[in-house]
2 protein chains.
Amino acid sequence: MKLNISTVAKKAGVSTATVSRVLNGSPSVSKKTREKVMKVIEKLEYVPNHVARSLRSKKTGLIGTIIPHSTDYVFNFPYFSIFLREATKRLSGDGYQLLLTIEEPDENPVEIYRTFLDRKIVDAFIILDLKEKDERVEFLKTRDAKFVVVGRAVNGEEIPFIDTDNMGGAFKAVSYLLKKKCRKILFLNGPANQSVSIWRARGYLDAHLKYGLEVDDSFILNGSFTEDSGYKMTKSFEGEFDAVFAASDLMAMGALKALKEMEKDVPVIGFDDIPQAAMTSPTLTTVRQPIEKVGYTVADSIIACLESEEFPRKVLDVELIIRESSEVNHEDSKKW
Amino acid sequence: MKLNISTVAKKAGVSTATVSRVLNGSPSVSKKTREKVMKVIEKLEYVPNHVARSLRSKKTGLIGTIIPHSTDYVFNFPYFSIFLREATKRLSGDGYQLLLTIEEPDENPVEIYRTFLDRKIVDAFIILDLKEKDERVEFLKTRDAKFVVVGRAVNGEEIPFIDTDNMGGAFKAVSYLLKKKCRKILFLNGPANQSVSIWRARGYLDAHLKYGLEVDDSFILNGSFTEDSGYKMTKSFEGEFDAVFAASDLMAMGALKALKEMEKDVPVIGFDDIPQAAMTSPTLTTVRQPIEKVGYTVADSIIACLESEEFPRKVLDVELIIRESSEVNHEDSKKW
DNA sequence: TTGTAGGCGTTATCAC
DNA sequence: GTGATAACGCCTACAA
């Protein structure tokens, strides 16, 4: 026996239209009818068919998030799971679901967006890992699709985005080191073509500018955001340096490991403030990104975007958290 | 102007039924008609509406995977991304998509399965992180839902599953250590209530049995699969031991770190063979799980389950990979 | 081989 | 307030 809206209508002695109204909280239903219908719904344990609703409303309630294949790090990244958790929480509060998918290894990244759009599988996208010149964004714009980017375009392009203040964060961290008289700050940056890297590099430069210092480009290294990358870049750097600023906490941890092996003791600052940052030895000075807030805000913006045609553009503040690793002789801390 | 099957039909001068037949590769369409229709489809760039198809066919093509909230480690777990990648690849080959979702923090884990089932959002589930007594499985069985479990029931219960030979793997690793005359093997196991932990404990016990040795239960510790957990359990263990067998490579790495600090040099074996295992110092002896194959096989089984009512039950072989960490005096390796 | 038409389950528009 | 009824876009008997 199939259970659908008309079964309920029949049992309740009303029309399907009325049941639908009850279901959708329409005000134009008498209290009495509403209660009668509700009772039947509960007794039958009826739940509306989501697919039929989608067909009718042309909305699936699914938000697509395609995880770039090029960056396995997002999964290594303790950070990412927090982002997802918060976004999921916010979305499900309004009846949306995250449709997470991994990019296909050897396919043009745009294809999966095309498929999802063509088949009308999702209502909107969350774009991760914004590139300097991002073909996914280009594509979605030509298709007039809804999306929110995590990250901020570097060329002032008008796209809906949420980002943390990467430039400001780098500025704060580097200024702190410069104030401490560090003058040769090794900057372990992320991949060169990612907008996040570009913003942080701008902060690095700006801080030097403020102090009237010139920047030697050879101190800016591009790697991936992993611990391993931080370790290797530090270890293989040829030349003197008196501080390290890393674009992720994992990289900073790698740098600390390398420094220890090199028996070199200079201030280190990371980026993110992942949970481990407070637990390493030495504890990590770092730029805290409000990752929960990012997850929440992205979800919130997507919903706003879908339900009221808003065009979100937000930069969230970051904060420099001072711990042991940025202090000279931080190795001493281990003796406690 | 809306683009749907009847627009195409009109343009091509045929009925919607014929277009549908072409779309679905029905043999009963003349070559000529098919070509004519195809041409129109291409010119119009028509793509069938997935939601309408779902409504008609009662299949969404979505496979639900709910990531347990209790175990943030799945995201720390470098392993998990490989699993997802392979599963996704296999699924999309047959037109399915993975619908990944994070479990809601403070909600009964079963609820999200209920929601997905009620609303008919997914065709089947992949269950991760099987518990000894798993209410999700119970629930899905009562609802007669399709699912495949990654992991093997410990009580012989009949459920569709894919698992690696956890017991055999532990058996091999522990036997190897016993053969080396180790007699006090510290076993850093995963959470006690997870089936994977129970299988591995069985392997540990079995190996001892084979050597006619009794097992001291105090040598079996339960933690989480993280590096930190391995480190702490090793460091805080009170009592002598002459080898370590860890239930994950991350834990093994934590154990190695602890041993180094304790200036203790005993063989260590891990589990998984994550990419880093070959790159640590010392390199890690470990039980290799064919993770790509697990991802592929789970996806394959889900499809088989959906399309031909099969009931998959498969245990995939594992292999002991001998590297440096299991050899006594492995610290020497660092001098090269 | 092809076309007609009903139905999948819901919601929105229009009457009453 | 409530009830018919027509879509939404597709597939599949059944008929031709």
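Worth knowing before you read on, the calculation uses all heavy atoms, side chains too, and leaves out hydrogens, waters and symmetry mates. Note that this is a predicted model, so its numbers are computed, not measured. Labels below follow one simple rule: chain letters A, B, ... track the order of the sequence lines, proteins then strands, and each chain is numbered from 1.
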Calculate the interatomic distance between [X] atom [atom1] and [N] atom [atom2]; express it in whole Å.
X	N	atom1	atom2	result
R21(B)	dT12(D)	CZ	P	10 Å
L23(B)	dC10(D)	CG	P	8 Å
R34(A)	dG1(D)	CZ	P	10 Å

Do NZ/NE/NH1/NH2 and the carboxylate oxygens of [X] and [Y] come within less than 4.0 Å?
X	Y	value
E42(A)	K39(A)	no
R85(B)	E103(A)	no
R313(B)	E158(B)	yes
R143(B)	D118(B)	yes
K89(A)	E107(B)	no
K146(B)	E309(B)	yes
R90(B)	D300(B)	yes

task = Ignoring hydrogens and angles, tell me if any N or O in the side chain of N193(B) forms a donor-acceptor pair with the backbone of E132(B) under 3.5 Å.
result =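 No: the side chain of N193(B) does not pair with the backbone of E132(B).
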
Heavy-atom donor-acceptor pair, S54(A) side chain to H50(A) backbone, under 3.5 Å =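 Yes, because the side chain of S54(A) sits within donor-acceptor range (under 3.5 Å) of the backbone of H50(A).
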
Within the 4.5 Å heavy-atom criterion, are [X] and [Y] side-chain neighbours or not?
X	Y	result
L99(A)	I63(A)	no
Y113(B)	F147(B)	no
N108(A)	F139(A)	no

inquiry  = Can you give me the first and the last nucleotide of DNA chain C (5' to 3') that has an atom within less than 4.0 angstrom of a non-hydrogen atom in chain B?
reply    =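 With heavy atoms of chain B under 4.0 Å away, the range is dT1(C) to dG9(C).
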
inquiry  = Could you walk me through whether D163(A) and L316(A) satisfy the side chain to side chain contact (heavy atoms under 4.5 Å, CB included) test, starting with their C-alpha distance in whole Å, then the side-chain angles of each, then the deciding distance to 0.1 Å, before giving a yes or no?
reply    = CA-CA 6 Å; D163(A) 201 7; L316(A) 305 178; over 6 Å; no

Tell me which residues in [range] put a heavy atom below 4.0 Å from DNA chain D, sorted by number, or none.
range	answer
residues 24-31 of chain B	N24(B)
residues 55-64 of chain A	L55(A), R56(A), K58(A)
residues 3-19 of chain A	G13(A), V14(A), S15(A), T16(A), A17(A), T18(A)

ask   = DNA chain C: K32(B) or K2(A), which has the more 5' nearest nucleotide?
value =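 Checking each residue's closest nucleotide, the 5'-ward one belongs to K32(B).
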
request  = Using heavy atoms to find the nearest nucleotide of DNA chain C for A52(B) and T33(B) separately, return the residue whose nucleotide is more 5′.
outcome  =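 Final value for this comparison: T33(B).
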
request  = Only one of I126(A), L130(A), D129(A) passes side chain to side chain contact (heavy atoms under 4.5 Å, CB included) with V149(A); say which it is.
outcome  =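 When side chain to side chain contact (heavy atoms under 4.5 Å, CB included) is applied between V149(A) and each of I126(A), L130(A), D129(A), only L130(A) qualifies.
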
query = I127(A) and side chain to side chain contact (heavy atoms under 4.5 Å, CB included): which partner among T65(A), I66(A), L140(A)?
reply =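 Of T65(A), I66(A), L140(A), side chain to side chain contact (heavy atoms under 4.5 Å, CB included) with I127(A) is met by L140(A) alone.
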
task = Respond yes when some side-chain nitrogen or oxygen of S54(A) is under 4.0 Å from OP1 or OP2 of dC8(D), and no when none is.
result =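 Answer no for this pair, as no side-chain N or O of S54(A) is under 4.0 Å from OP1 or OP2.
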
query = Considering residues at least two apart in sequence or located in another chain, which fulfil the side chain to side chain donor-acceptor pair (under 3.5 Å) criterion with T164(B)?
reply =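 So T164(B) forms a side chain to side chain donor-acceptor pair (under 3.5 Å) with Q289(B).
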
request  = Give me the residues of residues 41-49 of chain B where at least one heavy atom lies under 4.0 Å from an atom of DNA chain C, by number, or none.
outcome  =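 None, since no heavy atom is under 4.0 Å.
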
